[in-house]
Amino acid sequence: MHEYTSTARVWGLSCPGFPEEVSRARRWTRDVLRGSPFAEDAELIVSELSANAILHTASGLESGSFHLAVAVSAQVVAVSVTDAGGTGTAPKIEHQDQDAEHGRGLGMVSAIAHRVVVHDSEAGHTITAELFTDALRGGHPC
């Protein structure tokens, strides 16, 4: 294969920061990953990350938005949500008590995904959850 050729496919979606857009983000993810064994997990991850973007960042303000990306290759399904920032701190994975009403979302995402990466920038935060296809086949991801 040529060094600049990739077999990965990437889809993107931008949504206004309204609560009803979370269900649209879920449907879109389910449609993109139709037939994939990772569709349900990715849909749950997108739901949680999109809701967090609306609830905890400037994405939920009147003119706010959030952005999704789904990348699929032979090795990984990666789901990313980018928020509009506006918070003084970056999202962090916390393992809350099972009865806690808040703060369990990223912990749940990290329990489903094989790897979660948080990237901060001036414009906001991007959280990427990766699901490794080798793990599905019983292998051990790198």
Side-chain angles (χ1 to χ4, degrees), residues 1-61 63-87 89-142:
M1 179 183 335
H2 189 272
E3 69 179 304
Y4 297 114
T5 304
S6 172
T7 58
R9 300 204 51 200
V10 180
W11 294 262
L13 176 70
S14 293
C15 299
F18 305 128
E20 59 270 18
E21 292 297 310
V22 174
S23 62
R24 184 177 111 172
R26 279 194 314 262
R27 283 191 312 274
W28 177 81
T29 302
R30 186 174 52 241
D31 289 345
V32 166
L33 295 174
R34 186 172 312 274
S36 168
F38 295 110
E40 287 183 20
D41 287 345
E43 183 181 353
L44 181 60
I45 290 167
V46 162
S47 181
E48 186 60 41
L49 296 180
S50 298
N52 282 352
I54 291 170
L55 290 172
H56 302 296
T57 75
S59 292
L61 298 177
S63 62
S65 62
F66 62 98
H67 310 279
L68 288 83
V70 173
V72 178
S73 73
Q75 296 80 27
V76 67
V77 172
V79 178
S80 298
V81 174
T82 301
D83 64 41
T87 60
T89 61
K92 60 182 180 257
I93 299 168
E94 295 179 354
H95 298 283
Q96 297 286 341
D97 184 319
Q98 196 171 352
D99 297 327
E101 290 184 28
H102 300 287
R104 297 184 317 170
L106 281 180
M108 180 182 64
V109 168
S110 71
I112 295 169
H114 298 106
R115 181 168 63 177
V116 177
V117 177
V118 178
H119 176 68
D120 302 318
S121 74
E122 295 285 326
H125 313 98
T126 299
I127 302 173
T128 302
E130 298 176 344
L131 302 162
F132 298 129
T133 58
D134 283 349
L136 186 67
R137 293 189 292 266
H140 297 283
C142 307

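Sequence positions, counted from 1, serve as the residue numbers for this chain.
- Note: His114 and Phe38 have perpendicular aromatic rings, judged against thresholds of 30 and 60 degrees for the angle between ring planes.
- Exactly one of Ser59, Ser65, Pro16, Ser50 qualifies for a side chain to side chain contact (heavy atoms under 4.5 Å, CB included) with Glu21. That residue is Pro16.
- Taking OG from Ser110 and CE from Met108, the interatomic distance works out to 9.5 Å, rounded to the nearest 0.5 Å.
- In this structure, OG on Ser36 lies 12.0 Å from CD on Glu43, to the nearest 0.5 angstrom.
- Listed for the Thr133 side chain is a donor-acceptor partner under 3.5 Å among the backbone atoms of Gln75.
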inquiry  = Go through it in stages, so that I can follow the logic: the residues are Ile127 and Val81, the test is side chain to side chain contact (heavy atoms under 4.5 Å, CB included), and I'd like the CA-CA distance, side-chain angles, deciding distance and then a yes or no.
reply    = CA-CA 6 Å; Ile127 302 173; Val81 174; 5.6 Å; no
query = Passes side chain to side chain contact (heavy atoms under 4.5 Å, CB included), Glu48 versus Ile112? Steps please.
reply = CA-CA 12 Å; Glu48 186 60 41; Ile112 295 169; over 6 Å; no
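- Rounding to the nearest 0.5 Å places CD1 of Ile45 at 12.0 Å from CD of Glu40.
- Distance alone, capped at 3.5 Å, is enough to place a donor-acceptor pair between the Thr29 side chain and the Ala25 backbone.
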request  = Could you walk me through whether Val109 and Leu44 pass the side chain to side chain contact (heavy atoms under 4.5 Å, CB included) test, one step at a time?
outcome  = CA-CA 8 Å; Val109 168; Leu44 181 60; over 6 Å; no
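- For Phe66 against Ala53, the heavy-atom pair with the smallest separation is CB-CB, 4.1 Å.
- Rounding to the nearest 0.5 angstrom, the gap separating the CG atom in Leu49 from the CG atom in Leu68 is 8.5 Å.
- Between Leu131 and Ala42, the shortest heavy-atom contact is CD1-N, 4.2 Å.
- Checking side-chain atoms of Asp83 against main-chain N and O of His125 turns up a donor-acceptor pair under 3.5 Å.
- With hydrogens and angles ignored, the 3.5 Å screen pairs no side-chain donor or acceptor of Thr128 with any backbone N or O of Ser80.
- Summarising the geometry of Arg24 relative to Ser14, their closest heavy-atom pair is NH2-O, 3.2 Å, with the distance given to 0.1 Å.
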